[in-house]
Asks: 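To start, I am sharing the structure in question, which I have written as structure tokens.
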Amino acid sequence: MKKRLESLLIETLSKLVAEAKLPSDIPMKGLIERCRDPQHGDFATNLAMTLAKPTGMNPKVIAELIIENLPKDPLVRDVHLAGPGFINFFIDPKAQFSVIPDILKAGDRFGHSQRGQGQRIQVEFVSANPTGPLHVGHGRGAAYGAVVANLLAAIGFEVEREYYVNDAGRQMDILAASVWLRYLETFGEPVVFPSNGYRGGYVKGIAEALRKAVGDTLRHSAEAISKDLPPDEPQGGDKELHVDALVLMAKSCLGEDHYRTLFDAGLNSILEDIREDLSAFGVHYDAWFSERSLMETGAVQRSLDRLQAAGFLYQEGGATWFASTRLGDEKDRVVVRENGQMTYFASDIAYHLLKLEKGFDQIIDVWGADHHGYIPRVRAAIEALGSDQKKLEVLLVQFAVLYRGEEKVQMSTRSGEFVTLRELREEVGKDAARFFYVMRKSDQHMDFDLELATSKTNENPVYYVQYAHARVCSVFRQLDEKGLTFDGQQGLNELSLLTEPHESALLVTLSRFQELIEQSALQHAPHHLVHYLKDLASELHAYYNAHQFLVPDDALRNARMTLISAARQVIANGLRLLDVSAPETM
RNA sequence: GCGCUUGUAGCUCAGCUGGAUAGAGCAUCGGCCUUCUAAGCCGAGGGUCGCAGGUUCGAGUCCUGCCAAGCGCGCCA
């Protein structure tokens, strides 16, 4: 309907321009908006006011000119000039009913569209280092990324979901060293654990599994290992130097093959855990991309060659630098260190080069908000590689702060005392976790109240929406008991009986769903969908309390049940996009 | 110090990218279950949209300056 009005307006404007009653350079999009207040009709345009300035005409005069020239449309009941120059449209009620057969016909696919026209988008999200289990901070990125991907797919984009596995680099080496020490402990070796190592209990589990798999082939004397290491922080040394030396010691003691065995034991175990965890959280990927493969296939070297050829690399202080300041970054960045090692950023340049080469129309990276300073250098890299940096969209997700009622839940990664995503899921359930994570604007700090998420009371928005769905299902189950029947065809024929304000409100809300999905998807803003579902549920609950559905009058009963059946479908569709269940009973 | 983000009801947050009288939930107070699930509904109170300017027919929304909070500013990842 919105589009229909828009085309009416465009037709009118074109005519007026052709007749030289209006200048030709006037905007022709985003003309129509929904009215908040029903007194103002169903739709409105502020066109006359926006034209007042460029034309130098009185907005009311322009509005009248437009109204006079507006073509007749059987679905437009009335057009008013109001306020300082708004043009209000009153839609024929018949037009509002048409959404019901649309919903029932499209079923699970209602709300989907072809807006994306099959354009390819890659959404990369979570991508947490496989050095430990996912924690609640990752959970928000997981829920957000998954829903954004669902939304984009629903409006006709071809979406690929990818996890970037940081299976190379210093942190992974530290994990390997940590596993090694725990492994040695199982033989009773007197190990002194580094203060910068991974202390989580899961490391011991990996070590025990490793011992079962390889026996004592990786065993060395703990005393011999620690003998020549620089002192750790508690001993007045530098914890970074200490742990780096430990990693080197592990590599030299074990040799390349054995070190790889150790390294992969940690990597594979944790990655497997992450996969399972995400899967249980309803998050599924099309691809798991290995950072290590970037080195092995020479992609990193190739991307550096590209930058070199484009004249963006230079040597200084023994390191190789990328001149990102020339493309808007704050300072130039090292890509190859003095010791010859590639930086993480070098891998990331290669990673983005490959993304671009895969031909995506758009690349979306979902990052923790603490990485925002990283955006300019990645954009600079894309630009330097000769691509359009507008193809990259970085979506930032703020961490959630956990509360248990009034009390903040303390978290510390170092000591391993963080709340894992798995624990959260076990405590509040997948549905509540998913719903709560995307309820707030993603780049906004949020408080996640565990007590609220678990409470089975009216305070809990998840249950509120699910309950609306279950209620409709329950009404349908009541038919038999009451000796009544439901005739869907008659319902569709008798929709004009739905004249109560509660019914009109529901119809308007249902007709908004399609554009709401588009808006949520294009703005990468799932919270709009959550708020919509709360609104829809609220209207359904209010309707339920105000009117009886299972009335003796066949025509009215069938019409009302057709309406609530459509509402149920829309709630179910919305919840499925969030990957929250739509229970039939509660 | 510089950069990014945020500041809306007692609390948690929306506010459809500049529109008409700023909304919701919770909390507080008052009502509704012999009738389709009370995990629900109806009503009341509650606001200098951080502060001060500016842009225009119109600003919570845009621009500037302050104030406050968070994050970032490695040859870490």
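Chain naming here is simple, since letters A, B, ... match the order of the sequence lines and numbering starts at 1 in each. Just so you know, these numbers come straight off a predicted model, no measurement behind them. Computed from heavy atoms alone, side chains included, the values below leave out hydrogens, waters and symmetry copies.
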Asks: Hey, is A:Phe86 stacking on B:A20? Ring centres under 5.5 Å, planes under 30°.
Replies: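 According to the criterion (under 5.5 Å, under 30°), yes, A:Phe86 stacks.
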
Asks: Do the side-chain N or O atoms of A:His541 get closer than 4.0 angstrom to the phosphate oxygens (OP1, OP2) of B:C42?
Replies: no

Asks: Under 6.0 Å between ring centres: does that hold for A:Phe448 and A:Tyr403?
Replies: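 Aromatic pair excluded; centres sit 6.0 Å or further apart.
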
Asks: What string of B, S and - do you get for nucleotides 72-77 of chain B, 5' to 3', when a contact is any protein heavy atom under 4.0 Å?
Replies: SSSBSB

Asks: Verify the ring-centre separation between A:Phe513 and A:Tyr532: is it less than 6.0 angstrom?
Replies: yes

Asks: Can you see if the side chain of A:Gln444 gets near the phosphate of B:U12 - specifically, an N or O under 4.0 Å from OP1 or OP2?
Replies: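 Checking B:U12 against A:Gln444, no side-chain N or O comes under 4.0 Å of OP1 or OP2.
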
Asks: Is the ring centre of A:Phe322 less than 6.0 Å from the ring centre of A:Tyr314?
Replies: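 That pair fails the under 6.0 Å test.
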
Asks: When you get a sec, tell me which of B:C13, B:A14, B:G19 is the closest nucleotide to the side chain of A:Met49?
Replies: B:G19

Asks: With a cut-off of less than 4.0 Å, is there a side-chain N or O of A:His527 near OP1 or OP2 of B:G15?
Replies: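 For A:His527, the contact criterion (side-chain N or O under 4.0 Å from OP1 or OP2 of B:G15) is met.
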
Asks: Of A:Thr45 and A:Asn545, whose nearest nucleotide on RNA chain B comes first from the 5' end?
Replies: A:Thr45

Asks: Centres of the A:His528 and A:His531 rings: under 6.0 Å?
Replies: no

Asks: Consider the side chain of A:Gln523, meaning its heavy atoms from C-beta on, and name the nucleotide among B:C36, B:U17, B:C42 that approaches it most closely.
Replies: B:U17

Asks: Mapping A:His531 and A:Asp443 onto RNA chain B by nearest heavy atom, which one lands closer to the 5' end?
Replies: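 Residue closer to the 5' terminus by nearest nucleotide: A:Asp443.
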
Asks: Does a side-chain N or O from A:Lys441 land closer than 4.0 Å to OP1 or OP2 of B:G15, or not?
Replies: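 Yes, such a contact exists.
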
Asks: Tell me whether B:C4 sits syn or anti, counting syn as a glycosidic angle within 90° of 0.
Replies: anti

Asks: Please classify B:U21 as syn or anti, treating any glycosidic angle within 90° of 0 as syn.
Replies: anti

Asks: Does A:Tyr464 place a side-chain N or O at less than 4.0 Å from the phosphate oxygens OP1/OP2 of B:C41?
Replies: yes

Asks: Between A:Leu529 (CG) and B:C16 (C1'), how many Å, whole number?
Replies: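 In whole Å, B:C16 C1' lies 14 Å from A:Leu529 CG.
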
Asks: Between A:His80 and A:Phe89, is the ring centroid distance below 6.0 Å?
Replies: no

Asks: In terms of the angle between their ring planes, are A:Tyr351 and A:Tyr164 parallel, tilted or perpendicular, with boundaries placed at 30° and 60°?
Replies: parallel

Asks: Using a cut-off of strictly less than 4.0 Å, decide whether A:Arg471 has a side-chain nitrogen or oxygen near OP1 or OP2 of B:A38.
Replies: yes

